[in-house]
Amino acid sequence: MQRSYIFFFLLSGMMLAASCRTKLDVQPSHLVPEQKMWTTKNDARSAVFSAYALLRSALAGNNAWLVFGELRAGDFTSVSRGDLSAVTANQLTASFPALENWSNWRRFYAVIYQANLCLEKLGTVHENDFRYTEEEMKVDLAHVRFLRSLAYFYLVRIWGDVPLVTRAVSGDFVPLERAPQARVLDMAAADAQAAAEALPWKYDQQSPELRSQYWGQPSAFWQGVIAGKGSAYMLLAHIAAWRGDYLSTDKYARLVIDNRSKGGYAMVNTAALTGNTGVFTGQAEDIIFAMPFNKNYQESSASGHIEEWVLAEPFISKAQPDIFISNDSILRIFDEPNDERFKLTDGGAGAGNYFTGFGNPVPLFSKIRLLSVTGANPLRSYQSAIVVFRYEELLLLRAEALLYLGKTGESAQVLNSVRGQRGIGEYKGPLTALANAILQERRRELLGEGWRWFDLARFEKLEQYSRFSPADLGKGAQFWPVSKSQLSAASPIQQNKYWQQ
């Protein structure tokens, strides 16, 4: 069996995402009639991988993962595009088609619909096809629970209160009101917990959860590109941190760290972080969960990658990038000597692969540059993975949890493990400033990976790094406005308070 079948299902999933039609835009039409689905083992495989495809489409579409997670935070500046300038200025109701697209949560409800459908129907496949074993079914159910949990976690962080849909609703679905964030996160946590209990650490036929070969492929085939026990625990750790439950964050983070050999996780050096065969292929040692775009399986694309917006000559035939990080900002971010990611030489030049052309009016952010065609001016096609969870980020999350639990010494030790890996040595500042040190290290390590805005919200630093006042944030300015298509006269859904003005 070739990996190309996954590409088929990923493509099918993107077709499903484009066909949503209900008030919440959650019902995709099927590629085959409903009455003929859910009868064979291949139907189960198609349905589960379509859910993964829909998540990849939700994150990749118009670079949504970067827009939601990073562009509002102030590090990136738009060169000339009005829609990107509006995002970086937090003017999210400006009249641009892209802003309306980003404001529409349909992309995540398509994932939720497909997950709900799988939860309702995979048992039917088990009844109809003896080849689809109970063991396989339990693992597949865990996959879609993980995906539903992750989709809801994105929704809450982006929009706050959101409708809670737990069934595969039909075309005459009556729109739901927005549920409180706490209730949505309760369900997301329950899904992630159920997924963690049923998923294996690895797909190596050694885990008690799955003794057979998953869909006929060896363990290395699946490493990092589908959920495992580690990614479910990491999701639980993040949900807990978002709620301020750092005791649970530490518990779940330690479960992954203590079992890193079972999951196959480890930190990588800086060369692997920024290299063309490293982290952003989606299958490096530090990857816990990623959405890959591999050219060998015809998955590379011209959009959905940060390279589309941040690269220009000499990497691609483009005079200027769409967004960049200014020289002054680079120096504020990388403010310690000997940092392998970026540092100044004795002559004042920039060194390290994070940036190209430091000192130019528009330096290039070149940390991620997986081009599908080699040469100085290749066609604009990219294959970088969307990295959702990786090991270094987990360590920094645990350092954060330990800090807020009052364990500053342990927190500093965990922080230093990441700092040491990047050549900047131990943190020497006062422990009273440790929170800022952790936030700054997350800024450096995770730059361009879609974390900064969410980090600032969690650390309660948005007022410091955005134009929003405490009163604005109290009205929900940190969240995105709901798209106009969701606010029809017949809909009970209300606009976020801040964006009503």
Side-chain angles (χ1 to χ4, degrees), residues 68-70 73-75 150 153-154 156-157 181 185 188-189 192 230-260 265-267 273 286 288-289 333 335-336 339 341 387-422 424-466 473 478:
F68 293 141
E70 195 147 359
D75 287 341
L150 185 55
F153 187 48
Y154 273 107
V156 164
R157 289 184 296 170
Q181 298 176 53
L185 289 176
S231 47
Y233 281 137
M234 192 164 179
L235 177 55
L236 280 165
H238 268 289
I239 292 172
W242 192 254
R243 306 176 86 166
D245 178 9
Y246 283 108
L247 190 63
S248 294
T249 298
D250 182 45
K251 178 181 76 172
Y252 292 123
R254 280 191 295 107
L255 278 169
V256 181
I257 294 167
D258 292 347
N259 289 281
R260 59 189 178 276
Y265 313 133
M267 284 191 287
L273 175 63
D286 67 338
I288 297 177
F289 179 62
I333 296 168
D335 57 354
E336 297 192 43
D339 195 321
R341 294 163 296 197
V387 176
V388 180
F389 296 135
R390 64 181 175 95
Y391 192 67
E392 291 88 348
E393 192 277 320
L394 176 66
L395 291 171
L396 293 171
L397 181 66
R398 186 171 183 234
E400 176 186 337
L402 289 167
L403 172 67
Y404 288 110
L405 291 173
K407 301 178 181 180
T408 53
E410 290 181 62
S411 175
Q413 287 178 2
V414 177
L415 170 63
N416 287 335
S417 68
V418 179
R419 289 172 57 91
Q421 195 75 1
R422 301 293 170 250
I424 53 178
E426 293 186 357
Y427 172 68
K428 301 294 186 181
L431 292 180
T432 54
L434 191 55
N436 287 334
I438 293 170
L439 184 59
Q440 182 74 341
E441 188 56 35
R442 290 185 66 87
R443 188 184 192 185
R444 289 187 286 249
E445 177 69 14
L446 304 173
L447 190 62
E449 297 182 42
W451 283 104
R452 180 65 172 168
W453 184 260
F454 300 140
D455 288 347
L456 292 175
R458 198 175 61 254
F459 277 78
E460 299 182 349
K461 295 287 188 179
L462 286 176
E463 181 186 352
Q464 180 178 339
Y465 288 92
S466 75
L473 296 171
Q478 67 268 37

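- Annotation: side chain to side chain donor-acceptor pair (under 3.5 Å) contacts of Q421 (sequence neighbours excluded): none.
- Looking at heavy atoms from C-beta onward, D335 lies in side-chain contact with Q440 at the 4.5 angstrom threshold.
- The distance from the CG atom of L431 to the OG atom of S411 is 8.5 Å, given to the nearest 0.5 Å.
- Annotation: ring pair (Phe, Tyr, Trp, His ring centres under 6.0 Å) contacts involving residues 393-421, sequence neighbours excluded, comprise Y246-Y404.
- The distance from the CG atom of L396 to the CZ atom of R442 is 6.0 Å, given to the nearest 0.5 Å.
- For the pair L405/E410, no side-chain contact is recorded, criterion being any heavy-atom separation below 4.5 Å from C-beta on.
- Between A437 and Y427, the shortest heavy-atom contact is CB-CE1, 3.5 Å.
- A salt bridge between R452 and D455 is absent, with no side-chain N of the basic residue lying under 4.0 Å from a carboxylate O of the acidic one.
- Using a 4.5 Å cut-off on side-chain heavy atoms (C-beta onward), E445 and R341 make contact.
- Checked against side chain to side chain contact (heavy atoms under 4.5 Å, CB included), Q413 has no partners two or more places apart in sequence or in another chain.
- The CE atom of M234 sits 12.0 Å away from atom CZ of F289, with the distance rounded to the nearest 0.5 Å.
- Using a 4.5 Å cut-off on side-chain heavy atoms (C-beta onward), F459 and E400 make contact.
- Listed for the E70 side chain is no donor-acceptor partner under 3.5 Å among the backbone atoms of W453.
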Note to self: What verdict does the side chain to side chain contact (heavy atoms under 4.5 Å, CB included) test give for E393 and V387, after you've listed the backbone C-alpha separation in whole Å, the side-chain angles of each residue and the deciding distance to 0.1 Å?
What the structure shows: CA-CA 11 Å; E393 192 277 320; V387 176; over 6 Å; no
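- No option in V414, L402, L403 other than L403 meets the side chain to side chain contact (heavy atoms under 4.5 Å, CB included) test with I438.
- Using a 4.5 Å heavy-atom cutoff, the side chains of E392 and R422 are in contact.
- The shortest heavy-atom contact between L395 and S417 is CD1-OG, 4.0 Å.
- In this view, E426 satisfies the side chain to side chain donor-acceptor pair (under 3.5 Å) rule with no residue, not counting sequence neighbours.
- The two residues A399 and L415 come nearest to each other via the heavy atoms CB-N, 4.0 Å.
- Contact record, D250 with R398: OD1-NE, 2.7 Å, taken as the closest heavy-atom pair.
- Residue L434 comes nearest to T408 through the heavy atom pair CD2-O, 3.6 Å, listed as atom of the first residue, atom of the second, then distance.
- A distance of 10.0 Å separates CZ in R444 from CG in L439, rounded to the nearest 0.5 Å.
- The aromatic rings of Y233 and Y252 lie parallel to each other, their planes meeting at an angle below 30°, with 60° marking the opposite boundary.
- By the 4.0 Å N-to-carboxylate-O rule, R390 lies close enough to D286 to be salt-bridged with it.
- Side chains of K461 and N436 form a contact here, defined as non-hydrogen atoms less than 4.5 Å apart.
- One finds the CD1 atom of I288 at 5.0 Å from the CG atom of L394 (value rounded to the nearest 0.5 Å).
- Taking the six-membered ring where the residue is Trp, H238 and F389 present parallel rings, their angle staying beneath 30° rather than reaching 60°.
- The minimum heavy-atom distance linking G425 with N416 is given by the pair O-OD1, 4.3 Å.
- The line from CZ of R157 to CD1 of I239 is 9.0 Å long, rounded to the nearest 0.5 Å.
- Every residue meeting the side chain to side chain donor-acceptor pair (under 3.5 Å) condition with S248, not counting sequence neighbours, appears here in chain and number order: D245.
- Without hydrogens or angle criteria, T249 side chain to A237 main chain gives a donor-acceptor distance under 3.5 Å.
- The ring-ring contact (aromatic ring centres under 6.0 Å, His included) search around Y154 returns F108, not counting sequence neighbours.
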